[in-house]
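Heads up: the structure comes next, in structure tokens.
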2 protein chains.
Amino acid sequence: MRKLLMLLLIVFASPAAAEDGYDLWLRYRPVEQPLADRYFQHASAIVAAAQTPALSAASDELQRGLSGLLGRPVPRSIETGDGSIIMGTPALSPDIASLGLPLQHLGREGYLIRSTTVRGKHVIAIAANSDVGVLYGAFALLRRIQTHLPLEHLDILDKPDSAIRMMNHWDNLDRTVERGYAGFSLWDWQKLPQWRDPRYTDYARASASVGINGTVLTNVNATAQVLTPLYLKKVAALAETFRPWGIHVYLTARFSAPMEIGGLKTADPLDPKVRAWWKAKADEIYRYVPDFGGLLVKANSEGQPGPQEYGRTHADGANMLADALAPHGGTVIWRAFVYTSKPGEDRAKQAFDEFRPLDGHLHSNVMLQVKNGPIDFQPREPFHPLFGQMPKTPLIMEAQVTKEYLGFATHLAYLGPMWEEVLKSDTCSPRCGMPVAKTIAGMAGVSNVGTDRNWTGSQFDQANWYAFGRFAWHHELSARSIAEEWARMTWGNDPSLVAPIVSMMMQSRQAVVNYMTPLGLHHLMATGHHYGPGPWVGNLEREDWNPTYFHRADSNGIGFDRTASGSNAVTQYARPVASCFAKLSCVSDDYLLWFHHLPWDHRMRSGRTLWNELVGRYDAGVEQVGQMRRTWESLRGRVDDQRFTEVGAFLAIQQQEAEWWRDASIAYFQSVSKRPLPTGARPPPHSLEYYKALSFPYVPGH
Amino acid sequence: MRKLLMLLLIVFASPAAAEDGYDLWLRYRPVEQPLADRYFQHASAIVAAAQTPALSAASDELQRGLSGLLGRPVPRSIETGDGSIIMGTPALSPDIASLGLPLQHLGREGYLIRSTTVRGKHVIAIAANSDVGVLYGAFALLRRIQTHLPLEHLDILDKPDSAIRMMNHWDNLDRTVERGYAGFSLWDWQKLPQWRDPRYTDYARASASVGINGTVLTNVNATAQVLTPLYLKKVAALAETFRPWGIHVYLTARFSAPMEIGGLKTADPLDPKVRAWWKAKADEIYRYVPDFGGLLVKANSEGQPGPQEYGRTHADGANMLADALAPHGGTVIWRAFVYTSKPGEDRAKQAFDEFRPLDGHLHSNVMLQVKNGPIDFQPREPFHPLFGQMPKTPLIMEAQVTKEYLGFATHLAYLGPMWEEVLKSDTCSPRCGMPVAKTIAGMAGVSNVGTDRNWTGSQFDQANWYAFGRFAWHHELSARSIAEEWARMTWGNDPSLVAPIVSMMMQSRQAVVNYMTPLGLHHLMATGHHYGPGPWVGNLEREDWNPTYFHRADSNGIGFDRTASGSNAVTQYARPVASCFAKLSCVSDDYLLWFHHLPWDHRMRSGRTLWNELVGRYDAGVEQVGQMRRTWESLRGRVDDQRFTEVGAFLAIQQQEAEWWRDASIAYFQSVSKRPLPTGARPPPHSLEYYKALSFPYVPGH
């Protein structure tokens with residue numbers, strides 16, 4: 001007994017695992033009694049038959065998770081007893097095969113979890129058609145315990161809505177991250193392939209736990225160097241590390257690579273030498289990475305090279321790469337984010353105009369990756385008109401998990417409601433009742449992950465990684481249910497903790513919209529780095545980079561007329577959608593100034609004038625942040641110190657910056673509208689010149 | 001009992017603190033029995049009287065350290081009992097005052113540790129003239145336990161050799177780090193001042209534990225922005241975090257700041273407006289940071305602006321800044337690293353030529369910071385001739401802790417022997433018997449610290465941070481004793497672990513010299529990033545950037561003649577030193593080709609020709625790395641898995657790169673010497689053209 005006590009003291013005295021956020025939603029802290037004992041009756045041992053790398057990963061994770069959650073060692077066993085969890089595929093496990101489970105509709109990645117008996121023993125079976133399906137099932141079972149759901153009488157069939165669920169890392173080979181606010185790139189290229197940071201495995205675990213099955217390692221603003229053997233060796237090491245977790249590696253292809261690293265004089269996609277070069281390059285890549293996913297391409301956009309330089313179309317370029325990858329089962333993912341520099345053109349229209357005509361002209365292994373909205377990851381945009389309108393082309397919805405336009409790492413902005421809003425938007429294509437969710441073949445998330453200890457630059461931005469993965473798996477989940485799941489796993493199951501945290505999260509994105517770009521305004525951020533307000537900027541090289549281009553405010557009114565009297569971008573949507581957007585009586589206030597230019601005295605649904613409404617929205621945004629701070633403060637002592645302090649500090653930054661956004665925007669718009677502030681509204685504390693003069697040359701991510 | 005067992009299981013089941021290197025040499029893992037019990041008799045409680053921030057820091061650290069090391073809670077107490085540790089200054093603690101300890105020669109930062117009695121109780125007293133002295137004493141006491149030294153009959157008086165013991169961070173405001181191989185900059189400027197990463201405190205703890213008392217936050221290639229209020233607020237937050245740990249903050253001053261952020265038309269140091277601007281700026285800085293240390297300046301060097309642009313001297317520039325700082329007690333630290341672009345001039349001579357004449361012309365609060373050798377942090381250089389030869393000027397020795405020229409983060413190269421070699425070099429100024437160690441007023445270390453989890457990019461590079469601090473405290477310590485101390489604290493006290501680790505460390509720097517730049521060769525690295533060999537490079541804009549300028553190899557011989565028949569740089573040293581360096585019979589093989597150009601067939605002390613010796617050295621370097629790998633492999637199972645694997649992977653990289661260095665260098669020098677390889681020497685596996693064609697555009701730190 002004395003020895004035991006001493007041991008206990010030693011254990012307690014050694015440094016405890018800090019709550020620094022590294023463990024993400026896979027914290028596996030002990031469940032309270034008597035719940036833990038009850039779970040243990042159904043999860044007392046892990047029985048996995050034939051071992052594959054993915055089955056090993058699944059068993060390891062189950063053991064790690066159950067031992068942590070249940071507060072006692074949960075062994076792996078070769079014998080099935082009462083309370084065992086048995087897992088495998090029918091092909092690998094005779095026990096699983098003997099159960100005759102209905103796996104036929106689960107595809108390669110779905111799974112089944114069922115309470116059943118094997119040779120008279122009560123067990124939980126996790127079964128799937130592939131080992132990776134079993135892995136997803138293992139994470140699902142853990143999630144049940146993490147969120148305090150029962151383990152009795154389970155009969156769960158689950159499979160992903162799409163096969164493409166990928167992270168896009170805008171990571172450069174020098175480890176800087178474009179639009180990255182969480183430190184350096186995770187990929188330590190200099191030390192690869194010899195050194196594989198254990199963090200690579202934890203990244204894969206976290207991604208797999210929410211069903212992510214692909215990762216594009218490199219920036220869409222690409223360098224050809226990553227396609228050289230020096231780097232392909234390193235890529236192969238990452239791919240090998242990710243493979244047991246069901247994650248395929250993709251790279252970005254710089255269209256001019258045949259010239260830059262191939263020594264050719266052209267990158268014309270119809271040139272036989274160019275085509276041969278890419279074919280050979282594809283063969284080479286697959287020698288390094290046999291299960292390579294494919295190539296993601298940003299072409300003829302924002303200075304990136306592309307087929308149009310040779311008078312060829314995007315289809316010519318994509319198909320050429322697709323042909324090179326096809327023998328290996330690889331996919332070309334072509335980005336639709338293009339806007340050429342035609343003066344007078346509505347930037348919002350250009351992706352549609354460029355790509356809609358290509359429907360039916362892309363080879364079968366080409367997918368088109370379309371941002372959620374027609375501009376560029378704004379706090380709020382209507383859904384992209386291409387969704388639903390390229391029936392012959394598989395579309396991937398590109399979401400930005402990193403918060404380039406929503407306050408970087410420090411602003412608490414849960415993006416679930418934004419994605420839910422887009423995914424639920426009815427495309428009315430080919431008929432109404434077809435939400436975006438049903439038109440897409442996959443989702444890509446621009447990663448918010450970096451070397452910061454908490455991975456995402458803030459505790460709450462972890463929720464966006466989590467939510468992205470969950471939405472990619474099931475496009476029609478609710479943002480609230482995901483937030484609740486995440487909050488329970490990340491902060492604890494106490495309802496008095498979960499409720500306020502979820503409430504903060506659910507209002508947070510609308511708060512950002514309010515204090516940055518209310519009522520459908522968009523792209524008002526400062527130039528380049530997009531940190532802070534810049535609605536006055538109107539002198540940039542290209543007119544469609546200017547905030548003034550987007551808000552079009554003058555003494556008469558504000559907003560971008562995209563109806564028939566303006567750019568007529570509405571007509572890119574299916575008729576019922578277009579007609580609603582075009583009509584003041586139908587369009588939501590949320591998209592009002594996206595589609596309409598209106599006089600300052602326009603009477604809003606609220607009864608206020610547009611000008612007063614605008615100021616009111618800015619004030620509401622600031623107030624919502626204040627509310628979040630108060631809610632968080634009320635949790636003092638109920639959240640571990642380290643994370644409590646960090647979140648509190650970030651909320652203080654958010655409040656300061658929300659006020660800055662509000663004050664600077666009102667100072668500017670008032671200088672245009674020439675209208676008095678509504679009664680009671682606080683005048684900005686500084687002059688417009690003050691806000692204009694602020695300069696931030698070293699903002700991250702740029 | 002059952003409950004206890006359950007508790008124990010829960011504790012064991014929760015994630016253990018991984019051995020990822022984050023804890024550095026402050027691991028505080030439990031000491032084995034019966035030693036722990038024996039220590040506990042002398043360290044069972046901590047009694048600290050009046051609390052200041054530094055005394056709080058000292059008590060916290062003692063409690064953290066003792067509780068970990070002794071495997072049981074060691075409480076803080078207000079009552080002195082047998083086995084208490086009492087600490088404080090005479091002014092703050094009546095008990096300490098009552099002991100009448102001989103503190104008079106300890107200065108502000110020294111400390112005394114004594115076994116004594118207070119009111120009949122046996123205690124250990126940690127006493128000093130200031131609270132920071134007590135803090136250093138607390139770390140010293142912990143170090144004794146960490147290295148298994150006895151706590152009986154203590155009577156230790158210790159104080160630093162110099163008041164300036166500082167880290168220089170070459171960190172940019174965008175968080176990239178020049179010559180940084182450990183990730184991003186620790187300083188998260190975007191989130192400061194509101195968010196203070198707990199890592200800032202751990203950085204300060206680690207620095208203070210080895211006696212470092214200053215930190216220059218920003219790159220010597222400076223931006224003026226850090227002197228604007230936006231950043232000074234952030235600097236103030238860092239200063240406040242570091243203050244309890246005795247660490248003063250310094251910044252780098254861009255000489256042209258008055259123009260860039262002050263709106264002046266000139267930065268002429270004799271211009272009254274410029275002088276007034278800097279005075280006001282100094283006043284402003286001290287309003288933010290009352291104990292600000294001072295400004296570090298790189299001027300008229302490698303493109304940095306400076307006083308010479310206005311026809312003024314370095315003294316004019318330094319004195320102007322010194323006058324601005326003087327009212328606040330601040331120091332100007334002026335770097336002597338200059339080399340103007342005079343064709344035909346020996347770069348090694350220029351700092352001396354430029355600064356020697358300024359001795360006696362610098363104001364009293366100017367210090368001159370001189371690199372350890374006359375070129376630039378090479379694997380081996382003779383000591384800088386300025387040491388000992390500017391008797392009226394306090395000199396700081398600048399050492400590079402980050403391994404720009406010694407293999408980045410991955411090569412195991414313990415720099416202790418290099419610094420010991422320099423510090424022990426006899427300057428013979430004003431007379432022989434005056435080692436560099438006795439001529440300097442401080443040490444500055446170019447930091448190797450970044451956001452990597454292990455802080456320094458590798459486990460073994462932590463030793464260089466540690467050793468730098470220890471040498472800065474006591475300039476005449478031995479590298480071996482420091483290595484042993486560090487190894488015990490970092491890896492464990494088992495002699496069968498300590499001996500091989502220390503042996504690896506002690507040979508490691510010579511291994512790098514051998515496979516990169518043997519026999520006094522220098523600056524043969526590839527251009528810009530300095531990654532890998534580039535001895536063939538001879539086409540750079542400035543002749544003294546070229547490896548061919550430094551090695552001067554041709555068909556007749558190799559080496560830089562710095563004797564009277566050459567640049568005569570030897571005469572910059574005191575006569576006895578110069579005459580030895582100049583004489584082949586006296587000069588060490590280590591500096592041979594630094595000072596002499598010799599024929600390939602020159603007969604070496606070994607009896608071999610110079611050419612054969614050169615090849616032999618390259619081979620020896622590779623073999624030494626092989627030896628290190630074997631030694632490490634022999635420790636398998638005796639070192640925790642995570643660190644064992646990491647070090648092993650890095651040694652594999654080192655071996656590969658050592659071979660690359662050897663092969664490429666021999667391929668090149670053989671193309672010049674036209675001599676056959678010595679019998680048994682392996683020919684390089686590739687042609688010289690192959691090595692020349694290797695290209696690494698994304699090397700870190702550049």
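Just so we're on the same page: letters track the sequence lines, and every chain starts at 1. None of these values were measured; they are calculated from a predicted model.
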Using only atom types and a distance under 3.5 Å, with no angle test, would you say the side chain of Lys191(A) pairs donor to acceptor with the backbone of Ala649(B)?
no
Whatever's closer than 4.5 Å to a heavy atom in chain B on Gln225(A) counts as side chain
Would you say that Gln656(A) contacts Gln194(B) through its side chain, given a criterion of any heavy-atom pair below 4.5 Å between the two side chains?
yes
Okay, Tyr22(A) and chain B: the region with an atom under 4.5 Å from a heavy atom over there is neither
Rounding to 0.5 Å, atoms CH2 (Trp195(A)) and CG (Leu651(B)) come to a distance of 12.0 Å
Applying a strict 4.5 Å limit to non-hydrogen atoms, the region of Phe408(B) in contact with chain A is side chain
Turns out that what part of Gln190(A) lies under 4.5 Å from chain B's heavy atoms comes down to side chain
Okay, Ser695(B) and chain A: the region with an atom under 4.5 Å from a heavy atom over there is backbone
From the list Asn172(B), Asp174(B), Thr223(B), side-chain hydrogen bond (donor to acceptor under 3.5 Å, both in side chains) partner of Tyr698(A) resolves to Thr223(B)
Counting heavy-atom pairs under 4.5 Å with chain A, the top scorer among Gly701(B), Ala652(B), Gly183(B), Ala409(B) is Gly183(B)
Residue from Trp189(B), Tyr531(B), Tyr181(B) scoring the most non-hydrogen pairs under 4.5 Å with chain A is Tyr531(B)
Answer key: most heavy-atom pairs under 4.5 Å with chain B among Glu646(A), Gln642(A), Arg196(A) is Glu646(A)
Cut-off 4.5 Å, heavy atoms of chain A, and the answer for Arg453(B) is side chain
Bottom line for Val74(B): the part with an atom under 4.5 Å from chain A's heavy atoms is neither
Applying a strict 4.5 Å limit to non-hydrogen atoms, the region of Asp452(A) in contact with chain B is side chain
So, the part of Leu230(B) with a heavy atom under 4.5 Å from chain A: the answer is side chain
Counting heavy-atom pairs under 4.5 angstrom with chain B, the leader among Ile653(A), Thr451(A), Val699(A), Thr645(A) is Ile653(A)
Q) Is it true that atom CG of Asp641(A) has more than 12 heavy atoms of other residues, nucleotides or ligands lying nearer than 6.0 Å? A) no
